[in-house]
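No experiment lies behind these values; they were computed from the predicted model shown. In what follows, every chain begins at residue 1, and chains take the letters A, B, ... in the order their sequences are listed.
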Amino acid sequence: MTETRLRFPPSPTGYLHIGGARTALYNWLYAKKNNGKLILRIEDTDADRSTKESIQGILDGLDWLGIDYDEGPFFQTDFHDDHVTSAQKLLDNGSAYKCFCTKEVLDAKREAAQAAKQQRGYDRTCRHLSPEEIAEKEAANIPYVLRFKVPERTGTLGYDDKILGRIESNYSELDDFVIVRSNGKPLYLLCNVVDDIRDRISHIIRGQDHMTNTIKQILLYEALDAPQPVFAHMPLTLDTKKAKISKRSHGEIVAIQFYRDNGFIPWAFNNFLALLGWSAGNDQEFFTKEELIEAFSLERINKSSAIFNYRKNDPKFFTDPKAIYINEHYLRTMDIGALAVMVKRELVAENIWDPRYDEDKKEWYLSTLALIRDRFHTLKDFASLGRAYFAEDFTVEPKPLKKNVLKFEGLKEWLPELANRYEALESFNLEETERVARELATELEIKPGIIINGMRTVVTGQLAGPSMFDILMAIGRERVILRLRNIDNLFA
RNA sequence: GGCCCCAUCGUCUAGUGGUCUAGGACACCGGCCUCUCACGCCGGGAACAGGGGUUCGAGUCCCCUUGGGGUCACCA
């Protein structure tokens, strides 16, 4: 049995997006599951469109997701010689020929064919040139491209797709495609195959948009006398209008980077991506890394394309609701220590990180995270919605301010009074703080909720949150008293 | 337009001829819980694109129609 070798070959013409990441993930999962290797190959032969930033963006994206590779990154341009050698081999063994037709002539023919509603492939004018004619044109320095000579066979050419099943195409539909440009640079179709042969790729998992390439590439494998890999064409990721997702038309919402920058947990996002077009066949939707690798299989990938259900300008969801839901799930169930590391980055970025959270205040830090994480959606929320736990410069949101504070003028006296009683308390604990608060409400003949909710707003700035008295314990007596006494400022 | 692929709730999906009056999840709507808001729990609405076959029996197999997508470059 030969080694299982997969590859992810992005072209660095834009940042890593949802679709690309999912392709990478499926390749990675398959490699891991079969004790194989994953090779990262940057296909940068399009010099005009490839950029350094894009390469870095792809590398960063994969790194963030935790999709690691065993070999590479390789750069396709470094193997230019291989590509040229193979092209020459194809010319020598009669699998390719020189075509002297100019682009202008071809374009004109194509347009004419289209107008006449006929098939628009190359008419093979140069395929039958005699050696003399070729010599003549070469002597005249007419530029030429190299075209692959599609074998003159009847019937169909096909392969067994691991996802789609048997795929066949008629020989008569096949065009003599260009493999080398007139400037001597080999094209994608060829480079890709040559690289995959050299890298001994055994399985090619890629998007369905490559299906027509596959038929042509199979011919290339044959002409190059190389074993054909297993192909698996995964469904495409579409937007809510069923259009192909692209960075260009959808912007940052489809970029992996966006999810990193918006507080997603990397594994949660992988989990979401895995479920976009694949299911384990049962009701399981949360997987650890090990579980997902174990459960993954090509056969269970859906044939139909999946819609990335992001909602632009939705006040409640800034992306696919399911992605957020999965993120929330991990946020509240993951190991608190691991979460602490992620939240630290957020607090550091906001300049509200205290180094003691790693030392003598570690226990407080961890228990506070455990207390507040239940209501959060992303990592970002710890530094924004949860700011009051870590800093004094939190903002009091307008809605709770109006509803819970300004509506009750009396709070101006009541909360400072409560602060006094908290200060006098022998022991500032859960039971005592609640007892005192309710006692005060009874004395004042008001509903305890007025005191409690007013206090929540004043102490945390938020409309909602954990149980009030748990909050008190987390914030601590000193800071609670200061904030309660500070209520006047809110009426100003 | 040619060729290719696809088709179950709004979205992700389960379903491989009978156990489907179609199951789960998200989202949505009620209710419970409650100091708020979530979580959680309970409940609700919501789909087999249409038409023909095959079969005792079809969401499941076949055909047609319709719809969606992909691809038709000296891009990758």
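A:Lys447 comes within 4.0 angstrom of nothing in the nucleic acid, heavy atoms only. Nucleic acid contact class of A:Gly277 (heavy atoms, under 4.0 Å, all strands): sugar-phosphate only. Counting any heavy atom pair closer than 4.0 Å across all strands shown, A:Lys185 reaches no nucleic acid atom. Residue A:Leu236 is classed as a sugar-phosphate contact, given heavy-atom separations below 4.0 Å to backbone atoms only. At a threshold of 4.0 angstrom between heavy atoms, the contacts of A:Arg110 are confined to the sugar-phosphate backbone, with no base atom among them. As judged by a 4.0 angstrom heavy-atom cut-off over every strand, A:Gln76 is placed among residues touching the sugar-phosphate backbone only. Contacts of A:Val178 with the nucleic acid, taken as non-hydrogen atoms under 4.0 Å apart, involve only primed sugar atoms and P, OP1 or OP2. Within 4.0 Å of A:Arg206, counting heavy atoms only, lies no atom of the nucleic acid at all. Within 4.0 Å of A:His210, counting heavy atoms only, lies at least one base atom of the nucleic acid. Among the atoms of the strands shown, only primed sugar atoms or phosphate atoms (P, OP1, OP2) are found under 4.0 Å from some heavy atom of A:Thr45. Contacts of A:Phe317 with the nucleic acid, taken as non-hydrogen atoms under 4.0 Å apart, involve only primed sugar atoms and P, OP1 or OP2.
Summarising the geometry of A:Asp381 relative to A:His377, their closest heavy-atom pair is OD2-N, 2.8 Å, with the distance given to 0.1 Å.
With a 6.0 Å radius and a threshold of 12 heavy atoms from other residues, nucleotides or ligands, A:Glu152 has its CD atom at or below the threshold.
Using C1' as the reference atom, B:A58 and B:C42 are 35 Å apart when rounded to the nearest Å.
The aromatic rings of A:Phe382 and A:Phe376 stand perpendicular to each other, their planes meeting at an angle above 60°, with 30° marking the opposite boundary. Note on ring orientation: taking the six-membered ring where Trp is involved, the planes of A:Phe148 and A:Phe177 are parallel (angle under 30°, cut-offs 30° and 60°). Note on ring orientation: taking the six-membered ring where Trp is involved, the planes of A:Tyr259 and A:Phe269 are parallel (angle under 30°, cut-offs 30° and 60°).
Proximity of a side-chain donor or acceptor of A:Asn327 to a complementary backbone N or O of A:Phe264 within less than 3.5 Å is not detected.
Using a 4.0 Å cut-off between a side-chain N of Lys or Arg and a carboxylate O of Asp or Glu, A:Arg438 and A:Glu434 qualify as a salt bridge. Using a cutoff of 4.0 Å between basic side-chain nitrogens and carboxylate oxygens, A:Arg7 and A:Asp199 are not scored as salt-bridged.
Aromatic pair A:Tyr422/A:Phe428: centroids less than 6.0 angstrom apart. A distance below 6.0 Å separates the ring centres of A:Phe296 and A:Tyr26.
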Filtered N/O pairs between nucleotides 31-35 of chain B and protein, under 3.5 Å:
{"unit_1": "B:C35", "atom_1": "OP1", "unit_2": "A:Arg438", "atom_2": "NH2", "d": "3.3"}
{"unit_1": "B:C35", "atom_1": "O2'", "unit_2": "A:Asn453", "atom_2": "OD1", "d": "2.9"}
{"unit_1": "B:C35", "atom_1": "O2'", "unit_2": "A:Asn453", "atom_2": "ND2", "d": "3.4"}
{"unit_1": "B:C35", "atom_1": "O2", "unit_2": "A:Arg456", "atom_2": "NH2", "d": "3.0"}
{"unit_1": "B:C35", "atom_1": "N3", "unit_2": "A:Met468", "atom_2": "N", "d": "3.1"}
{"unit_1": "B:C35", "atom_1": "N4", "unit_2": "A:Ser467", "atom_2": "OG", "d": "2.1"}

Protein and nucleotides 42-48 of chain B: nitrogen or oxygen contacts under 3.5 angstrom:
none

Tabulated below should be each protein N or O lying under 3.5 Å from an N or O of nucleotides 3-8 of chain B; please produce it.
none

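Between A:Phe376 and A:Val145, the residue anchored nearer the 5' end of RNA chain B, judged by the nucleotide with its closest heavy atom, is A:Phe376. For the pair A:Asn282 and A:Asp374, nearest-nucleotide mapping onto RNA chain B gives the more 5' position to A:Asn282.
Looking only at atom types and distance, the side chain of A:Gln208 has no donor-acceptor partner in the side chain of A:His233 under 3.5 Å away. Using a 3.5 Å distance cut-off with no hydrogens or angles, the side chains of A:Thr156 and A:Asn170 do not pair a donor with an acceptor. When only modelled atom types and interatomic distance are considered, A:Thr457 and A:Asn404 share a side-chain donor-acceptor pair under 3.5 Å.
Closest contact between the side chain of A:Ser279 and the listed nucleotides B:U13, B:G24, B:C75 involves B:U13.
Rounded to whole angstrom, the span from the CG atom of A:Leu174 across to the P atom of B:U71 amounts to 17 Å. Rounded to a whole Å, the OH atom of A:Tyr325 is 11 Å from the C1' atom of B:G40.
Partner assigned to B:C3 is B:G70, using Watson-Crick or G-U wobble distances below 3.5 angstrom. Partner assigned to B:G43 is B:C29, using Watson-Crick or G-U wobble distances below 3.5 angstrom. Within the shown strands, nothing qualifies as a pairing partner of B:U60 under the Watson-Crick or G-U definition with both distances less than 3.5 Å. Across the strands present, B:U19 finds no partner; the criterion is a Watson-Crick or G-U wobble pair with both atom distances under 3.5 angstrom.
Both the sub-6.0 Å distance and the 45° axial angle are satisfied by A:Arg147 relative to the ring of A:Tyr122.
Put simply, A:Lys216 has no side-chain N or O that comes within less than 4.0 Å of OP1 or OP2 on B:U71. Between A:Arg311 and B:C26 there is no side-chain polar atom (N or O) within less than 4.0 angstrom of OP1 or OP2. OP1 or OP2 of B:G67 has not a single side-chain nitrogen or oxygen of A:Lys242 nearer than 4.0 Å. Contact annotation: A:Arg181 reaches the phosphate of B:C75 (side-chain N/O to OP1 or OP2, under 4.0 Å).
Put simply, the side chain of A:Arg332 and the base of B:C39 share no donor and acceptor less than 3.5 Å apart.
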